[in-house]
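Following: one structure in structure tokens, then a few remarks.
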Protein chains: 2
Amino acid sequence: MSQPSPGQAELASALRLALLRTARRLRSQRVNTAVTLSQLSALATVCKCGPLSAGEIAAIERVQPPSMTKILASLESAGWVQRSSHPDDRRQSIIEITPAGRDLLAEETRARDEWLAKRLVEFSAEDLRKLGEAVEVLDRLGSE
Amino acid sequence: MSQPSPGQAELASALRLALLRTARRLRSQRVNTAVTLSQLSALATVCKCGPLSAGEIAAIERVQPPSMTKILASLESAGWVQRSSHPDDRRQSIIEITPAGRDLLAEETRARDEWLAKRLVEFSAEDLRKLGEAVEVLDRLGSE
DNA sequence: TATTGTTATACTCTATAACTATA
DNA sequence: TATAGTTATAGAGTATAACAATA
């Protein structure tokens with residue numbers, strides 16, 4: 001593995017500041033005050049990746065187990081996920097999304113995306129192409 | 001102005017999740033426990049945009065004035081910024097970076113970028129091009 | 001002993017509401 | 001009255017350390 005080049009260090013610096021500010025705006029953009037962005041993200045993972053244990057969700061979301069405990073407690077008390085016992089290991093429980101959770105996820109995703117999409121319509125086709133190409137790279141950067 | 005197209009809604013959704021996770025990882029990557037990412041971001045703004053009032057920094061950083069009050073208080077008590085009185089308006093003070101602040105900023109930026117740059121070396125030239133092109137678009141998205 | 005998850009605790013980050021000082 | 005900034009307070013988000021239950 002080579003050392004970071006000067007160009008990479010500059011890119012890293014610019015990317016870090018750009019991501020901080022954009023994420024700050026996305027997080028503050030609360031649509032429904034009943035659910036937060038972190039809860040929504042965990043709910044999206046449970047919906048997409050099927051029934052999972054708490055540890056598995058924490059690993060996918062890249063947070064520590066105690067953080068996920070809190071998120072899951074709030075999702076469960078709101079009725080958006082439900083737990084069942086693991087057949088072989090009584091330490092674990094299996095967490096899955098409920099129909100109400102699916103409804104909430106769909107509605108919130110639509111509302112939050114609308115806020116972002118409204119800003120995106122002001123961007124050129126060229127800008128959108130650049131963002132679209134970067135999403136896949138960012139995904140790898142955020143989950144490695 | 002047109003309505004968001006289906007393609008824009010999908011891009012918005014994918015971008016939102018990618019940004020959340022990547023930003024989460026960047027924020028948790030603490031190098032020096034003496035300074036936080038938000039403090040560093042404000043310090044970078046004061047360094048780059050010259051002497052500013054508290055309100056101006058808050059506007060550039062896109063946070064509310066009370067949030068900036070806290071950030072500036074910590075930066076000032078650490079000796080990384082200093083205040084002087086505004087010549088015409090005694091409600092305001094003028095905030096500028098100190099030499100110690102400049103040193104801290106250079107050192108911290110280097111250390112934090114190293115973490116990101118180390119990951120970037122594993123990416124292809126094509127990936128880096130995509131990220132580089134997106135940075136400018138993200139900047140506009142985060143500061144509009 | 002090792003693993004899974006939770007509880008206890010603390011710190012960062014940010015906001016709104018109420019207030020002070022100045023214009 | 002209006003504006004710039006601060007103080008008071010609270011909630012979201014996350015972590016580490018210590019613990020309990022189970023494997």
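Proteins come first, then strands; the chains are lettered A, B, ... in the order of their sequence lines, and each starts at number 1.
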statement: To the nearest angstrom, the CD1-C1' distance between I94(A) and dG5(C) comes to 15 Å
I94(B) reachable from I71(B) in the ILVMFWY side-chain graph, under 4.5 Å edges: no
- request: Check the distance between dG5(D)'s C1' and M68(B)'s CE and give it to me in whole angstrom.
  value: 13 Å
message: For a quick test of reading the model, state the closest non-hydrogen atom pair linking A54(B) to M68(B) and the distance between them.
response: O-CG, 3.8 Å
- prompt: At their closest point, which heavy atom of I97(A) faces which heavy atom of W80(A), and how far apart are they?
  reply: CG1-O, 3.5 Å
task: Round to the nearest Å and state the distance from L37(B) atom CG to dG13(D) atom C1'.
output: 14 Å
task: For nucleotides 14-23 of chain C, just jot down a letter per nucleotide in 5' to 3' order: B, S or -, based on protein non-hydrogen atoms under 4.0 Å.
output: BBBB---BBS
Whole angstrom value for the distance that separates P of dC13(C) from CG of L75(B): 11 Å
field: Spacing between L52(A) atom CG and dT4(C) atom C1', to the nearest angstrom
entry: 15 Å
message: Salt bridge or not between R129(B) and E126(B)? Use side-chain N to carboxylate O under 4.0 Å.
response: yes
- prompt: Any salt bridge between R83(B) and E96(B), counting N to O under 4.0 Å?
  reply: no
- request: Would you tell me if any nitrogen or oxygen in the side chain of T36(A) comes within less than 4.0 Å of OP1 or OP2 on dG13(D)?
  value: yes
- request: Identify the heavy atoms of L138(A) and A18(B) that sit nearest to each other, and give their distance.
  value: CB-CB, 4.1 Å
Short side-chain N/O contact from R25(B) to OP1 or OP2 of dT14(D), under 4.0 Å: no
query: Residues in side-chain hydrogen bond (donor to acceptor under 3.5 Å, both in side chains) with T45(A), at least two apart?
result: E61(A), R21(B)
message: Ignoring hydrogens, what is the shortest heavy-atom contact between V81(B) and T98(B)? Give both atom names and the distance.
response: C-CG2, 3.7 Å
query: With the 4.5 Å side-chain cut-off for hydrophobic clustering, are L104(B) and L17(A) part of the same group?
result: no
field: d(CD1, I57(A); P, dT6(C)) in whole Å
entry: 10 Å
task: Establish, with yes or no, whether the OP1 or OP2 oxygen of dG5(C) is under 4.0 angstrom from a side-chain nitrogen or oxygen of S53(A).
output: yes
query: Residues from residues 39-50 of chain B sitting under 4.0 Å of DNA chain D, heavy atoms only?
result: none
